[in-house]
Amino acid sequence: MQYQNLIMKKRKFPLIEVGFKFVLLSLFGTLYVMAIPYPTKSREFPQLIAAFGLLIVMISLARDFIQKKTMVKELGDVEDAELTAFDEENRKIRRKRFYQAWAILLVSTFIGFLFGFLFTTFFLFFGFSILFGKRKNFLKNTMISLAISLMIFFIFQWLMDIPLMQGIIKIKFLR
Amino acid sequence: MDVILQSIGLVFQWQNLLALIAGTGFGIIIGVLPGLGPTAGMAIILPLVYKWDPVTALIFMGSLYKCSNYGGSITAILVNTPGDATNAATILDGYPMCEKGKGGVALGISATAAAFGGLIGMVCLVFGTPLLAKFALRFGPAEYFLTALLALSIIASVIQGNTLKGLTSAAFGLMLSTVGFDMITGHLRFTFGWLAIEDGIPFVQALVGLFAVTQALVLAERGESISRIGKLVGGFWEGVITYFTHPYAVIRAALIGLFIGVLPAVGQTSAGLLAWAEAKRESRHPETFGRGEPEGVIASETSTSACMPGDLVCTIALGIPGSLGAAVFLGIMIIFGVIPGPLVFNEKADIIYSLFIALILTCFILFFVGMTIAGHLAVITLLPNEIIVPAVLIISLLGSFAIRNQMADVIISLAFGVLGYVMLKGGYTPVPLLLGLVLGEMVEQNYHRALVISGGSYSIFLSSTVAKVLMLLTILSLIGPYLGKAWRKLKEGEKNVQSIE
């Protein structure tokens, strides 16, 4: 049990966290520089916040690296191979599901951008039921997705007059 | 008195009553669905009510916020899965009661606690908030600036649990609030030529992204649905009787809930667990706790129900949110033009009192729902994620789109969804960011106003006693967690030395 805790601890120097801090560091830096040509009253507050943000992120990063050094000293004998084997299968499945979800989101948003938001609703439901649901229910899932899209069309386009069919194609070419 | 009568009249208008019932129903359903708490619930539905009348919208949102906690207790008792962390303490005795065939009694207790505990909390909210607001009338721009800083620092250090991360998140939120037209000079800042953000980062779209989209992605990643529902046997009224035969436990739990609620940023999860632990400590038979002891359910449910109105005391009177949900509710109030703070009882008294009356009515509706259909609601948890996830995404993104009829808003929501997900994986909570985004404009304006009054001197931020106290509290809230840690280490060290000796 204690050994497993050590493995978890070693894993807790997460790349996402450190990467996010570096992104924030560059973002605060860029915004600070971008504000320089603004009028004094417009730049004062953002620069103050950006400087504060930079300071906090730098302290936070410094702390991370100091802690990592201590952790490596403490846990040097825990082999990386064991770390990678730990729960790897579960992580793979989760990662796959995550990428699938994002693929559905991006594709349906892009289609909505081209043809209108109504198509986003159809492809969201359809995509999730196909990739996350049971394949044998393909026809049933398609019918449900269509029915939901029609219901949304009726409520929002027909009753509330929200332009769900207005994509970039209609705006640019069909007018 | 006139305002109160006017507010009663407002609440009993058909559209507001409908909003109250709909908010209660939606809140319970959101609460029942594990993983979707009040914050995600409010984020999902906010864009759809965006164009409503402020009274109707706030009644809807307020009842949703209040009832989602109750919804979570149903699944905690019947399915052994809390809807939200708030109901974590209810599981400890609620599910064992269900396993013993006393699920109905446990549901009866939770319904009574939601009604009675909520009413006790509402008394505190109705009488405490105006008093606190009256005191805050002495505030000038410097004090407003410092109050916002205090709110941000408390949320950053307490809710996040890691001061540096919380502060980073809050600073990022404040930074994002400066995007768009500068209210003072009219200069355009950080828009990169994108028209959609010229009026600033839209709050609703950001909220949808940070909570609804992120939550949907987490659910998609998890890819599971709950498949086991405990056996439900009647006994709802037995639960009501059991509740009232423990008056001491009820009052103690309600007081704990109120106290925790009024404390900024501590939250309902702590209230439930603390009340449960206290009930166990005080009990003559503590060994029965955790094995289906009704007093455990009474304590946790009463405390969380009383905590929510307590949360709103500081949120409405000072603009300092008491919890995650309260922080989001604060943002929603601002969207509908109700700026929390001491002046709210002069400028928007009818809306605030309407909200209070609606929340009192909600307690009775909750009792009715709890006694009639609560047992059947747990079936919702059987819905597979391939239905829940796209439903959450469609409702929230559709709302996001419908505000300005622009796909750009959907893109903004998705961008904030990515941000929320990365923050979650990186161990950050997006609440300080959201609060920074909401309060940013107010902070900047009061910062400049205070400096104009003082002729550019920063001493104005320490000129009055209130300002000094606010500054001290801000510093304490930031260094408090570190001091606490150091104190615990010192104590542990002393203990070790004693044991060696």
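Note: hydrogens, waters and symmetry copies are ignored here, and every other heavy atom, side chains too, is used. Just so we're on the same page: letters track the sequence lines, and every chain starts at 1.
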Donor-acceptor contacts under 3.5 Å from residues 98-117 of chain A side chains, at least two apart:
from   : atom 1 : to     : atom 2 : distance (Å)
A/S108 : OG     : A/I104 : O      : 2.5
A/S108 : OG     : A/L105 : O      : 3.2
A/T109 : OG1    : A/L105 : O      : 2.5

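- With sequence neighbours left out, B/S413 forms a side chain to side chain donor-acceptor pair (under 3.5 Å) with B/S400.
- Two residues are said to be in side-chain contact when any heavy atoms from C-beta on lie closer than 4.5 Å; A/E17 and B/K165 meet this criterion.
- Interface residue B/V389: only side-chain heavy atoms are found under 4.5 Å from chain A.
- Distance check: B/T168 OG1 to A/M58 CE gives 11.5 Å after rounding to the nearest 0.5 Å.
- In this structure, the portion of B/L451 lying under 4.5 Å from any heavy atom of chain A is its side chain and not its backbone.
- Contact annotation for B/V179: neither backbone nor side-chain heavy atoms come within less than 4.5 Å of a heavy atom of chain A.
- Contacts of A/T120 with chain B are made by side-chain atoms alone, with heavy-atom separations under 4.5 Å and no backbone atom involved.
- Contact detail for A/P163 and B/F401: the closest heavy-atom pair is O-CZ, 3.5 Å.
- Proximity to chain B is limited to the side chain of A/L48, based on heavy atoms less than 4.5 angstrom apart.
- Within a 6.0 Å sphere centred on OH of B/Y50, heavy atoms belonging to other residues, nucleotides or ligands number 12 at most.
- B/E221 CD to A/R94 CZ: the interatomic distance, rounded to the nearest 0.5 Å, is 4.5 Å.
- Atom CZ in A/F128 sits 9.0 Å away from atom CD1 in B/I394 (nearest 0.5 Å).
- Proximity to chain A involves both the backbone and the side chain of B/L398, based on heavy atoms less than 4.5 angstrom apart.
- Atom CG of residue A/L24 and atom CZ of residue B/F172 lie 5.5 Å apart, to the nearest 0.5 angstrom.
- In plain terms, the two heavy atoms of B/A171 and A/F52 that are nearest each other are CB-CD2, 4.0 Å.
- At a 4.5 Å heavy-atom cutoff, B/F181 makes no contact with chain A through either its backbone or its side chain.
- The shortest side-chain heavy-atom distance between A/F20 and B/L419 falls under the 4.5 Å cut-off.
- Applying a 4.5 Å heavy-atom cutoff, the residues of residues 38-46 of chain A that approach chain B are A/Y38, A/P39, A/K41, A/S42, A/E44, A/F45, A/P46.
- Considering only residues two or more places apart in sequence or on other chains, A/S60 meets the side chain to side chain donor-acceptor pair (under 3.5 Å) condition with A/K21.
- Contacts of B/L424 with chain A are absent, with no heavy-atom separation under 4.5 Å from either backbone or side chain.
- In this structure, the portion of A/L27 lying under 4.5 Å from any heavy atom of chain B is its side chain and not its backbone.
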Self-check item: Full working for side-chain contact (heavy atoms from CB on, under 4.5 Å) between B/M175 and A/Y32
Solution: CA-CA 10 Å; B/M175 199 73 228; A/Y32 186 92; over 6 Å; no
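- In this structure, chain A has a heavy atom under 4.5 Å from the side chain of B/I184, while its backbone stays farther away.
- At a threshold of 4.5 Å between non-hydrogen side-chain atoms, the residues A/R63 and B/L164 count as touching.
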